[in-house]
Asker: 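Attaching a single structure in structure tokens format; questions to follow.
Both backbone and side-chain heavy atoms feed into the values below; hydrogens, waters and symmetry mates do not. A quick note: this is a predicted structure, and the numbers were derived from the prediction, not measured.
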Amino acid sequence: VDVVLKCSNHGTVDENGDCVCSLWYTGPDCSLVLCMNNCSDHGACDTSSGKCYCDASWGGADCSKRTCMSNCSGHGNCFGGECVCQ
């Protein structure tokens, strides 16, 4: 088996024949993409793309930002998950 293909072109093969994955990749063949900060434990990681799908009330690339329902209905600003009315 081609060493590069064995690790999906995202790692190297160690002396035991196992893949040592590059940063942001995991799995026995380094084919899974890790998500930033493991989605901050507020979302699900799509390991095919490395994209977080955030739980309700959480947002941002790594689901670390608190969000407000309906963006405060356009009548205020969201700070840490709380609406501050205008």
Side-chain angles (χ1 to χ4, degrees):
V1 176
D2 185 328
V3 172
V4 172
L5 293 178
K6 178 177 179 171
C7 299
S8 305
N9 204 28
H10 298 296
T12 59
V13 177
D14 68 13
E15 62 276 356
N16 296 321
D18 298 320
C19 288
V20 177
C21 301
S22 303
L23 186 65
W24 297 108
Y25 292 91
T26 190
D29 63 352
C30 302
S31 65
L32 303 176
V33 186
L34 295 170
C35 287
M36 188 185 317
N37 295 327
N38 196 30
C39 301
S40 304
D41 294 326
H42 297 295
C45 178
D46 178 353
T47 56
S48 68
S49 67
K51 179 178 177 170
C52 289
Y53 289 90
C54 303
D55 297 336
S57 300
W58 293 94
D62 66 350
C63 302
S64 64
K65 298 189 184 329
R66 295 280 300 178
T67 59
C68 295
M69 292 285 278
S70 302
N71 197 28
C72 300
S73 301
H75 299 289
N77 296 304
C78 182
F79 294 101
E82 298 290 326
C83 289
V84 177
C85 297
Q86 294 176 330

Asker: Are the sulfur (SG) atoms of C52 and C63 separated by under 2.5 Å?
Answerer: no
Asker: Can you see which heavy atom on S40 is nearest to which on D62, and at what distance?
Answerer: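 Between these two residues, the closest heavy atoms are OG-O, 2.8 Å.
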Asker: Give yes when the SG atoms of C19 and C7 are nearer than 2.5 Å, otherwise give no.
Answerer: yes
Asker: Could you check whether any side-chain N or O of T26 sits under 3.5 Å from a backbone N or O of L32, counting only pairs where one atom can act as donor and the other as acceptor?
Answerer: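 Not a single qualifying donor-acceptor pair exists.
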Asker: To the nearest 0.5 Å, tell me how far S22 OG sits from L34 CG.
Answerer: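 Reported to 0.5 Å precision, the distance equals 11.0 Å.
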Asker: For C30 versus S8, what's the shortest heavy-atom pair and its separation?
Answerer: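 Heavy-atom minimum between the residues: O-CB, 4.0 Å.
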Asker: Can we say the SG-SG distance for C83 and C72 is below 2.5 Å?
Answerer: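 The sulfur gammas are closer than 2.5 Å, so yes.
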Asker: Taking the side chain from D29 and the backbone from S31, do they hold a donor-acceptor pair closer than 3.5 Å?
Answerer: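 Yes, the answer is positive, given that a donor and an acceptor are paired below the 3.5 Å cut-off.
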Asker: What pair of heavy atoms forms the shortest contact from G81 to R66, and how long is it?
Answerer: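 Smallest heavy-atom distance, with atoms named: N-CB, 3.4 Å.
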Asker: Measure the SG-CG distance between C45 and N37 for me, rounded to the nearest 0.5 Å.
Answerer: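 Interatomic distance, C45 SG to N37 CG, rounded to 0.5 Å: 11.0 Å.
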Asker: Looking at Q86 and G74, what are the two nearest heavy atoms and their distance?
Answerer: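 Heavy atoms of Q86 and G74 come nearest at OE1-O, 4.2 Å.
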Asker: Quick test of your reading: applying ring-ring contact (aromatic ring centres under 6.0 Å, His included), list the pairs with at least one residue in residues 16-69, sequence neighbours left out, ordered by first then second residue.
Answerer: H10-Y25, H42-W58
Asker: Looking at NZ of K51 and SG of C35, how far apart are the two atoms once the value is rounded to the nearest 0.5 Å?
Answerer: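 Reported value, rounded in 0.5 Å steps: 10.5 Å.
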